[in-house]
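All chains are named by letter (A, B, ...) in the order of the sequence lines, taking the proteins before the strands, and each is independently numbered beginning at 1. Since this is a predicted model, take the numbers as computed values, not measurements.
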Protein chains: 2
Amino acid sequence: MSAPAAGPPERDPPPSAPVEDYLKAVYECELRSGSAATSDLAAALQVAPASVTGMVRRLASQGYLDHVPYRGVQLTPRGRAVALRTIRRHRVLESYLTAVLGVPWDRVHEEAERLEHAASDDLVERMAAALGHPRTDPHGAPIPTAEGTIAERTLGSLADLAPGATARVVMVSDRNPALLRYVAEIGLHPGTEVMLVARAPFGGPLTLRIGDRDTQVGPTLAAQLRVEDSAERAGAVECAAARPADGTTAPTGTP
Amino acid sequence: MSAPAAGPPERDPPPSAPVEDYLKAVYECELRSGSAATSDLAAALQVAPASVTGMVRRLASQGYLDHVPYRGVQLTPRGRAVALRTIRRHRVLESYLTAVLGVPWDRVHEEAERLEHAASDDLVERMAAALGHPRTDPHGAPIPTAEGTIAERTLGSLADLAPGATARVVMVSDRNPALLRYVAEIGLHPGTEVMLVARAPFGGPLTLRIGDRDTQVGPTLAAQLRVEDSAERAGAVECAAARPADGTTAPTGTP
DNA sequence: TCCCAGAATTAGGCGACCCTAAAAGCCCCC
DNA sequence: GGGGGCTTTTAGGGTCGCCTAATTCTGGGA
């Protein structure tokens with residue numbers, strides 16, 4: 001009651017939609033490359049680099065980011081909390097819209113991208129509960145908990161797989177609807193087992209065995225397909241034929 | 001291909017959330033009092049009157065409104081289409097969130113108020129389909145069709161009912177969550193038959209018979225309760241006792 | 001008819017986000 | 001060790017939506 005300069009009870013306004021988008025983008029850049037450069041963010045957010053600099057300054061002044069000029073940014077715990085909360089909303093929404101309302105796989109991302117800024121926590125938790133608290137979204141990406149923890153896994157790219165090796169597709173890291181549609185069309189849903197049959201030299205197409213069918217895909221597409229971590233994959237290579245199904249259920253590691 | 005000045009194929013950007021809110025407010029003001037004054041809109045939107053003037057000018061220049069300075073505004077067909085589309089989204093969302101996800105009656109409005117600007121038409125139609133294309137929202141308000149027609153009915157206020165008369169509550173025209181909670185608590189859900197037992201003089205409380213219980217409510221609350229149109233009500237008065245249930249099902253006229 | 005209270009509009013500003021162009025900094029390669 | 005190329009930041013604007021204060025208009029009553 002008399003504390004003069006200590007923790008003031010002032011509560012700043014909730015983060016705006018652009019703020020949530022920036023923090024989400026920083027989180028994803030950090031995850032991918034360990035750090036987030038201005039140009040990475042500009043590309044991810046489809047915004048001019050100068051705009052990123054301005055917003056980053058503001059976010060840093062509000063305690064969401066640490067910014068070392070010319071050196072990129074890092075999330076503070078406060079910023080990470082907002083990012084994970086936003087990602088949870090996004091992925092729960094994607095799961096719900098797909099599973100309950102039948103929104104197609106390749107269109108659900110853009111829908112969730114807008115709704116994630118408008119849905120209340122209460123609503124998101126109701127959706128999660130209706131689905132039995134799923135651990136991954138329909139693209140195979142892990143859903144952070146309401147408490148802000150996430151089971152991130154280091155994933156490899158299908159493009160890096162050794163010929164003859166088998167791996168489980170975990171997710172597709174591209175948002176392009178046409179690409180998503182095509183990936184679904186050739187049967188590469190999250191959780192699918194796929195074997196790299198052959199790789200043509202000089203950036204030529206990769207031959208994949210999906211189920212009992214062989215399909216050829218370009219290296220660009222293959223690079224977008226995230227598969228289980230290379231360590232696990234190395235194991236998978238050795239006993240690929242001997243291990244037809246170890247955990248064919250959920251694409252994410254269930255405990 | 002050579003038309004020099006005819007209909008240019010330029011498509012302007014989709015209306016922003018504030019624009020949708022303004023047009024919705026104009027629609028509701030027109031419905032209530034036949035016209036929309038600057039001060040009405042300012043009150044409805046919780047915004048300074050000067051802000052309304054500015055926005056109204058912009059909306060008029062974009063063809064959403066007709067504005068006669070110092071005389072108020074009117075929706076153009078284009079503006080009405082946006083308003084009805086927004087109201088449809090809002091009411092379908094309210095219906096879905098209440099019926100499927102169990103969002104409480106008194107909290108669903110604010111949730112829909114945000115989601116209505118973010119949900120795609122496709123999503124809203126999926127929700128409507130999942131519910132079997134409802135005609136009214138949980139507050140009893142009619143839902144416009146996807147084509148933009150609405151079955152508006154002129155509703156009276158419970159406060160204007162003659163003592164002894166019976167009417168069916170159609171909706172509550174107040175967004176105050178505490179009021180909505182109280183109204184639900186005393187059993188006044190949309191569709192409920194209610195009889196005005198007595199009215200204390202000089203702005204005193206009204207005694208209502210709801211089911212087999214009498215409840216007293218203040219005139220302010222009673223004024224918020226919309227009941228079937230007075231013409232129908234007049235009829236209802238005369239054969240109130242003789243007509244226990246004519247269409248006890250849906251509060252809106254089902255064909 | 002005149003006047004005045006209340007409603008509406010104009011004037012002048014502010015913050016959030018975005019842009020282009022120009023300047024500055026960083027780093028690798030010669 | 002000095003450039004040159006790419007990245008980042010600064011400088012200077014623009015739009016949208018909102019605000020307060022000052023001004024103008026409208027309409028009803030004396």
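Taking R199(A) as the reference, P163(A), L196(A), L206(A) meet the side-chain contact (heavy atoms from CB on, under 4.5 Å) condition, with sequence neighbours excluded. By the side chain to side chain donor-acceptor pair (under 3.5 Å) test, E28(B) pairs with no residue at all, sequence neighbours left out. Taking the salt bridge (charged side-chain N to carboxylate O under 4.0 Å, His left out) definition, one finds that E110(A) meets it with nothing, sequence neighbours left out. For R80(B), the side-chain contact (heavy atoms from CB on, under 4.5 Å) partners at least two apart in sequence or on another chain are Y27(B), E30(B), L75(B), L84(B). For H67(A), there are no ring-ring contact (aromatic ring centres under 6.0 Å, His included) partners at least two apart in sequence or on another chain. Remark: V47(A) pairs with Y22(A), L45(A), S51(A), V52(A) by the side-chain contact (heavy atoms from CB on, under 4.5 Å) rule, at least two apart or across chains. By the side-chain contact (heavy atoms from CB on, under 4.5 Å) test, A146(A) pairs with R88(A), E125(A), sequence neighbours left out.
Note on S51(A): a side-chain N or O is less than 4.0 Å away from OP1 or OP2 of dC19(C).
Residue V47(A) is classed as a sugar-phosphate contact, given heavy-atom separations below 4.0 Å to backbone atoms only. Using a 4.0 Å heavy-atom criterion, one finds that T53(A) contacts the bases of the nucleic acid, with or without backbone contacts as well.
Contact check of residues 55-71 of chain B against DNA chain D (heavy atom, cut-off under 4.0 Å) returns M55(B), R58(B), Y70(B), R71(B). Of the residues in residues 16-33 of chain B, none has a non-hydrogen atom less than 4.0 angstrom from any atom of DNA chain C.
The list of side-chain hydrogen bond (donor to acceptor under 3.5 Å, both in side chains) pairs with a residue in residues 99-108 of chain B, not counting sequence neighbours, reads W105(B)-H139(B), D106(B)-R181(B).
Of all nucleotides in DNA chain D having an atom under 4.0 Å from a heavy atom of chain B, the first and last in 5' to 3' order are dC16(D) to dG27(D).
Distance alone, capped at 3.5 Å, places no donor-acceptor pair between the R85(B) side chain and the G148(B) backbone. Judged by distance alone, with hydrogens and angles left aside, the side-chain atoms of T145(B) form a donor-acceptor pair with the main-chain N or O of T149(B) at under 3.5 Å. When atom types are taken as modelled, the side chain of E20(B) and the backbone of V82(B) share no donor-acceptor pair closer than 3.5 angstrom.
Each end of the helix from dT1(C)-dA30(D) to dC30(C)-dG1(D) gets its own axis, taken as the rotation carrying the C1' atoms of four end pairs onto the next four within a five-pair window, and the two axes meet at 20° to the nearest 10 degrees.
Atom CD of E113(A) has more than 12 heavy atoms from other residues, nucleotides or ligands within 6.0 Å.
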Practice task
Carefully, step by step, assess S120(A) and E111(B) under the rule side-chain hydrogen bond (donor to acceptor under 3.5 Å, both in side chains).
Solution key: CA-CA 7 Å; S120(A) 70; E111(B) 191 82 43; 2.6 Å; yes

